[in-house]
Amino acid sequence: MQHIGIIGVGEIGGAVVDGLSDGVEDPPRVHLSPRGARAAAELSGRYANVEVCAGNQEVVDRSDLVILAVRRPDVHDALAGLRVDDGTVVVSVVAGVAVADLRAILGTGAPVVRAIPLPPVRERRCVTVTYPSHPVVDAFFGRLGEALPAADEAAFNVMSALTGTLTTHYAFLGTLATWAAGHGIAPDEAERYVRGLFQAAGRSLGDETRSLQRLAADHETPNGLNERVRTTWFDPGNAEALTKVLDAVLGDLG
Ligand SMILES: NC(=O)C1=CN([C@@H]2O[C@H](COP(=O)(O)OP(=O)(O)OC[C@H]3O[C@@H](n4cnc5c(N)ncnc54)[C@H](OP(=O)(O)O)[C@@H]3O)[C@@H](O)[C@H]2O)C=CC1
Ligand SMILES: O=C(O)[C@@H]1CCC=N1
């Protein structure tokens, strides 16, 4: 039986626990750090395979694979002084902390791997970028969807920067629904319609025979509504501002 440790039981740590446990016939044993006590207690109450440890060292001692899922400023506190033997695999999902830095804090010969799981791990439908590729880690994220090993750490950081755009996407959809509600559509109806529109658009992304440019063209009537919004709102200045913030995020990650 595999033993998985989670240090940092917040949004993404909890999502990994759900993905490993919810409705899974033979789930691994999961050992949680005590910090964030309410979330940890809730998960251990919900799943028989999950237990809360007395401290981060106990999580490490009980686990073959330990996931570090704290916020970047908390990394040092969470890891400093921990003893990790060479047979334990450490997986950090913390954005912006390099393998070399994690190694320096841990002072261990254990494999250290970075990964970018996202909330769909909860439904075991996440493509999780990993670096460096490691068979145990790639198999682990395979159980939660699919592992996508990056060629090098620079490529990993580019993928990481892309994940910083997700809540902007939701905020964009929220703005559309609010606009419609401001024009007399019942708020729940407006939100339902916007969700449906973009669920359908999302499904069309699964058709890899069509490029993103082709998909856009297929939705756009010449001189029509889409062309008008795209060219007047998502104009070159807006596209450049987006590119600039992505460059800045990447700079901070690297
Ligand atoms: N949310 C997401 O979709 C994704 C997040 N990530 C990365 O995952 C990390 C966590 O993000 P997220 O889950 O959103 O953040 P959260 O704030 O939801 O979770 C972080 C958790 O870490 C706990 N924590 C802080 N210090 C320690 C410590 N010393 N020992 C043990 N636990 C500690 C916090 O406890 P307390 O609340 O008490 O401070 C909190 O429960 C970040 O580094 C982020 O970059 C990566 C991919 C996706
Ligand atoms: O917003 C964040 O910083 C985290 C990392 C990737 C997704 N969420």
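When a ligand or atom number is given, it counts from 1 through the structure's own listing order. What you see below is based on every heavy atom in this structure, not just the backbone, and it leaves out hydrogens, waters and symmetry mates.
Under a 4.0 Å criterion applied to the non-hydrogen atoms of Leu118, ligand 1 contributes the atoms 48 (C). Within ligand 1, counting atoms from 1 as listed, the ones closer than 4.0 Å to a heavy atom of Val94 are 43 (O).
Between Phe172 and His169, the angle of the ring planes stays under 30°, which puts this pair in the parallel group of the 30/60° scheme. Classification of the Phe156-Tyr131 ring pair by plane angle, with boundaries at 30° and 60°, yields tilted.
Residue, atom and distance of the protein heavy atom nearest to atom 3 (O) of ligand 1 are Pro119 CD, 3.4 Å. When hydrogens are left out, the protein atom nearest atom 36 (P) of ligand 1 is Arg35 NE, 3.6 Å; that is the closest non-hydrogen contact. Looking at atom 19 (O) of ligand 1, its nearest protein heavy atom turns out to be Gly10 CA, 3.2 Å. Nearest protein neighbour of atom 8 (N) of ligand 2, counting heavy atoms only, is Thr163 O, 4.9 Å. Protein heavy atom at the shortest distance from atom 30 (N) of ligand 1 is Asn56 ND2, 3.1 Å. The single protein non-hydrogen atom nearest to atom 45 (O) of ligand 1 is Ala95 N, 3.2 Å, given as residue, atom name and distance. The single protein non-hydrogen atom nearest to atom 22 (O) of ligand 1 is Gly8 CA, 3.4 Å, given as residue, atom name and distance. If you check which protein heavy atom lies closest to atom 18 (O) of ligand 1, you get Glu11 N, 2.9 Å. Closest to atom 17 (O) of ligand 1 among all protein heavy atoms lies Arg71 NH1, 2.4 Å.
Residue contacts with ligand 1 for Pro117 involve N, CA, C or O but no side-chain atom from C-beta outward (heavy atoms, distance under 4.0 Å). Only backbone heavy atoms of Ala69 (N, CA, C or O) come within less than 4.0 Å of ligand 1; its side chain stays farther off.
Summarising the geometry, atom CG belonging to Leu79 is positioned 6.5 Å from atom CD1 belonging to Ile7; distances are rounded to the nearest 0.5 Å. The NE2 atom of His134 lies 8.5 Å from the CG atom of Leu65; values are rounded to the nearest 0.5 Å. Once rounded to the nearest 0.5 Å, the distance linking NE2 of His31 with NE2 of His3 reads 5.0 Å.
Ile67 and Val70 fall into different hydrophobic clusters, where Ile, Leu, Val, Met, Phe, Trp and Tyr side chains are chained together by heavy-atom contacts under 4.5 Å.
The residue among Val9, Thr167, Ile12, Ile6 with a heavy atom at the shortest distance from atom 13 (O) of ligand 1 is Ile12. The heavy atom nearest to atom 42 (C) of ligand 1, out of those in Val70, Leu79, Val93, is found in Val70.
Between Glu191 and Arg195, at least one side-chain N (NZ, or NE/NH1/NH2) sits under 4.0 Å from a carboxylate O, which counts as a salt bridge. A salt bridge is defined here as a Lys NZ or Arg NE, NH1 or NH2 lying under 4.0 Å from an Asp or Glu carboxylate O, and Arg71 with Glu11 fails to meet this definition. Ion pair Arg46/Asp18 flagged as a salt bridge, since at least one NZ, NE, NH1 or NH2 atom sits closer than 4.0 Å to an Asp/Glu carboxylate oxygen.
Annotation for Val17 and Leu32: closest pair CG2-CD2, 3.7 Å, computed over non-hydrogen atoms.
Closer than 4.0 Å to atom 6 (C) of ligand 2 lies at least one heavy atom of the protein.
Every N/O-N/O distance between Asp77 and ligand 1 stays at or above 3.5 Å.
Residue Pro117 forms a side chain to side chain contact (heavy atoms under 4.5 Å, CB included) with just one option from Leu144, Thr128, Val91, Val127, and that option is Thr128.
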